[in-house]
Every structure is written in C-alpha cells, then in structure tokens.
There are 2 protein chains.
Amino acid sequence: MSAPATDSSPWAGRIHALGARVTPARVAVLQLLEHAERALSHREIEEALAAGFDRVTLYRVLDWLVDSGLGHRVTDAERVFRFSLAQAETRAHGLHAHFRCEDCGKVFCLDEVPAPAPPLPAGFSSHTVEYTITGHCARCEPDEKPR
Amino acid sequence: MSAPATDSSPWAGRIHALGARVTPARVAVLQLLEHAERALSHREIEEALAAGFDRVTLYRVLDWLVDSGLGHRVTDAERVFRFSLAQAETRAHGLHAHFRCEDCGKVFCLDEVPAPAPPLPAGFSSHTVEYTITGHCARCEPDEKPR
DNA sequence: CCGCCAGATGCAACCGCATTGCAGGAGCGT
DNA sequence: ACGCTCCTGCAATGCGGTTGCATCTGGCGG
Ligand SMILES: [Mn+2]
Ligand SMILES: [Mn+2]
Ligand SMILES: [Zn+2]
Ligand SMILES: [Zn+2]
C-alpha cells in the first residue's frame with residue numbers, strides 16, 4: 001500500500017529544473033497558487049494550506065518563488081504582499097495591471113490589461129511599472145448583485 | 001523684541017479655512033512638504049523637522065493632511081507611506097504617476113504624467129488608480145552623471 | 001482680556017507583516 | 001547507503017504604523 005497521496009504534479013520537474021529542491025512546502029504553494037483566481041497574501045496561503053508549514057518557511061518559499069521567476073509579488077495599498085504565478089502570456093509583454101477591491105480587499109491580476117509605458121523626465125530610466133486600480137469587485141459592487 | 005520667528009505663512013489661513021486648528025506641527029509639515037521636490041516618508045519628515053515633534057503627532061498630522069485633501073499618500077513598494085502636497089493641476093485630472101528610484105529609494109510625483117483609465121472586467125468599478133514606475137532617477141542613472 | 005472646551009499633543013503600549021540567527025532535518029547526487 | 005548542501009522550524013528581532021489615555025492649548029464667546 002501507500003500510493004503517493006498528493007500528486008507531486010509537473011511542478012516537481014519545474015522546480016528541479018531551476019536547481020532547487022523539491023520540498024512539500026514548495027509544491028504545496030505552487031499547487032495552491034496555480035488554482036487561485038487571485039493574488040494571495042502570506043496569511044491567506046498559510047490558512048489555505050492544511051499541512052501546517054511554519055510561517056517563516058512560507059515566507060522563504062514565497063521569496064524563492066519571486067526570485068526564481070515562477071511568480072511575482074504585488075504590493076498592496078494596505079502594506080501586505082500578495083503573490084501569484086507568472087502567466088506565460090504575462091511574461092510576454094512583461095507587465096500587467098492589478099485590481100484591488102476596497103470592500104473585500106481581494107487583489108486580482110488583470111493579465112489582459114497591459115501597463116502603458118509612460119513618458120519619463122530626462123535622465124530617468126524605467127525598469128518596472130506598477131499599475132493598480134482600486135474600486136469595487138463584481139461581488140462587492142453595490143448595484144450589481146452577482147446572481 | 002521677539003518678532004515672529006518662523007513665518008506662519010499663508011498656511012494658517014488654509015488650515016483655519018478647513019475647520020482645523022493652526023498648530024506648529026501642521027504648519028511645519030506643510031512648509032516642509034511645500035518646498036520638497038519629492039514625496040517624503042514619515043521618517044524623512046521627522047528627521048527634517050528640527051522642532052522635534054512626537055512620532056505619533058506627525059502620523060496624525062499626515063493622516064489629517066490626506067483626509068483634508070491638502071496632500072496625498074503614495075504606497076511605496078517597500079511598505080512605507082510617502083506624502084506630498086496635492087498640486088492644483090493634479091487635482092484637475094485627479095490622478096498622476098509616481099516614480100521610485102531603485103537605488104536611492106526616492107519617490108517623485110510625476111504630475112504631468114496622467115494615469116490612464118483602464119478597461120475593467122464586467123462588474124468591476126474603478127475608484128482610484130495607482131501608477132508607479134520603478135527605475136533609476138537622474139542622479140542614480142549609471143550612464144548619465146548629473147554634472 | 002478671561003475662561004472654557006473641543007480638539008491636538010505626548011508618551012507608552014500595542015499590532016501585524018516581515019526578517020534574521022541558528023540548530024536540526026531532509027533532498028538528491030554520488 | 002553516505003554525506004554535503006540546502007531547507008525547515010522555532011524564537012527573537014525589526015520596523016512602520018496605530019491606539020488609549022492623560023494633559024495641554026488654540027481660538028471662540030463672553
Ligand atoms: Mn499579477
Ligand atoms: Mn503624487
Ligand atoms: Zn470585493
Ligand atoms: Zn536615485
């Protein structure tokens with residue numbers, strides 16, 4: 001008996017290809033973010049993961065995730081970081097917009113909305129563009145009840 | 001002797017017109033931000049002010065400044081708030097871009113760069129747009145030495 | 001010019017997110 | 001199966017910002 005309980009999935013290969021070790025924490029975080037429809041905070045990830053990894057381990061996994069290029073970090077206006085996986089398409093044009101709901105606090109990646117490259121003053125060079133829209137999401141929109 | 005040392009300046013009138021009391025902390029912060037060429041953090045403001053106001057007083061003055069509409073707050077990627085006065089022009093189109101230097105960490109208001117209004121998914125409503133460019137400022141640009 | 005009181009200040013405690021140090025554990029190439 | 005290296009867990013620390021509360025003061029009414 002004892003078949004492999006959780007499918008280590010194709011992530012094992014991706015992780016290994018990056019020269020990192022395939023650990024439960026990394027696989028769990030990747031699987032979670034893979035199916036998340038929005039950017040998740042450390043807190044949200046910690047609560048979602050049944051395995052009960054240490055807080056610091058998760059912080060380090062998330063740092064690795066960003067450094068490795070597998071994911072990216074969004075700075076929330078409430079000073080919490082949120083994480084999501086880098087989409088292939090997204091990496092094409094490099095930058096995309098984010099949406100933060102004022103009511104529920106959720107943050108969505110708007111992968112289809114490219115961040116426009118701005119005109120800069122002389123001597124300034126652009127490296128990254130953050131483009132975050134704040135408002136009400138479909139669920140919290142007062143007028144528009146979601147069925 | 002004893003002429004008014006620091007010119008209470010036209011700020012006294014502006015403050016009073018808002019229904020708030022004209023206090024040394026408020027005048028000092030406004031005078032500092034008035035002549036600042038970039039957005040300043042609480043820490044920077046505290047260090048710049050010789051009078052030695054309490055940390056919390058400054059936090060409260062800054063909160064008031066934003067609430068009153070005299071200034072605005074920009075969320076730094078390093079999780080620190082920075083503050084600058086609202087320009088008349090800026091208030092016209094409402095939104096403008098910010099630039100953060102990766103090297104020196106300074107944050108500039110690009111009042112002349114309007115933040116474009118983005119297309120949103122159905123059911124989402126936009127309230128605020130944050131538009132921050134990260135890169136190298138004129139002083140930190142490797143190629144371009146500033147005289 | 002005086003007295004009053006809503007509102008502003010100072011100080012200390014507190015909060016939450018994130019980082020650091022270090023000892024022990026586990027991945028994986030051999 | 002071994003061992004080196006990287007990863008994990010736990011505790012302590014840092015830091016930007018907030019809150020509670022007693023005291024003080026700006027500025028208005030008298
Ligand atoms: Mn994103
Ligand atoms: Mn600005
Ligand atoms: Zn919402
Ligand atoms: Zn710079």
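Not measured: the values here are computed from a predicted model. Computed from heavy atoms alone, side chains included, the values below leave out hydrogens, waters and symmetry copies. We name chains A, B, ... by the order of the sequence lines, and we start the count at 1 in each one.
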Does a nitrogen or oxygen in the side chain of A/T57 sit under 4.0 Å from OP1 or OP2 of D/dC7? no
Between B/W64 (CH2) and C/dT9 (P), how many Å, whole number? 10 Å
Do the two ring centres, one from B/Y59 and one from B/H42, sit under 6.0 Å apart? yes
Is the phosphate of C/dA26, meaning OP1 or OP2, less than 4.0 Å from a side-chain N or O of A/T23? no
Mind calculating the distance between CG (B/D63) and P (C/dT9) to the nearest angstrom? 12 Å
Counting only side-chain heavy atoms from C-beta out, which of C/dT19, D/dG9, D/dT18 sits nearest to A/D54? D/dG9
Does A/R26 use its side chain to pair, donor to acceptor, with the backbone of A/R21 at less than 3.5 Å? yes
Between P of D/dC7 and CG of A/L62, the distance in whole Å: 14 Å
What nucleotide, of D/dG16, C/dC22, C/dC11, holds the atom closest to the side chain of A/R60? C/dC22
Side chain B/R55 and base D/dG17 donor-acceptor under 3.5 Å: yes
Do any side-chain nitrogens or oxygens of B/R43 fall under 4.0 Å of OP1 or OP2 in D/dG16? yes
Under 4.0 Å, heavy atoms only, any strand: does A/R26 hit a base, just the sugar-phosphate, or nothing? sugar-phosphate
Between the main-chain N or O of B/R79 and the side-chain N or O of A/R79, is there a donor-acceptor pair closer than 3.5 Å? yes
Which nucleotide sits closest to the side chain of B/V56: C/dC11, D/dG16, C/dA18? C/dC11
Any donor-acceptor pair under 3.5 Å from B/T57 side chain to B/F53 backbone: no
If you only use heavy atoms from C-beta on, which nucleotide in C/dA18, C/dG27, D/dG17 is closest to the side chain of B/H42? D/dG17
Between CG of A/L49 and P of D/dT8 the distance, given in whole Å, is 12 Å
Relative to the ring of A/F108, is the ring of A/F99 parallel (under 30°), tilted (30 to 60°) or perpendicular (over 60°)? tilted
Please determine, for the side chain of A/F53, which listed nucleotide (D/dG16, D/dG9, C/dT19) has the closest atom? D/dG9
Between A/A25 and B/F83, just flag the one whose closest nucleotide in DNA chain D comes earlier from the 5' side. A/A25
Under 3.5 Å donor-acceptor, A/E47 side chain and A/E44 backbone: no
Please state how far atom CD1 in A/I45 lies from atom C1' in C/dA18, giving the value in whole angstrom units. 14 Å
B/L58 has an atom CG; how far is it from atom P of D/dG17, in whole Å? 12 Å
Between C/dA18 (C1') and B/D76 (CG): distance, integer Å: 15 Å
Within this structure, what is the CD-to-P distance between B/E47 and D/dC15, rounded to whole angstrom? 13 Å
Using only heavy-atom distances, decide whether a donor-acceptor pair under 3.5 angstrom links the side-chain of A/R21 to the base of D/dC6. yes
Looking at B/Y59, I'd like to know whether one of its side-chain N or O atoms comes within less than 4.0 Å of OP1 or OP2 on D/dT18. no
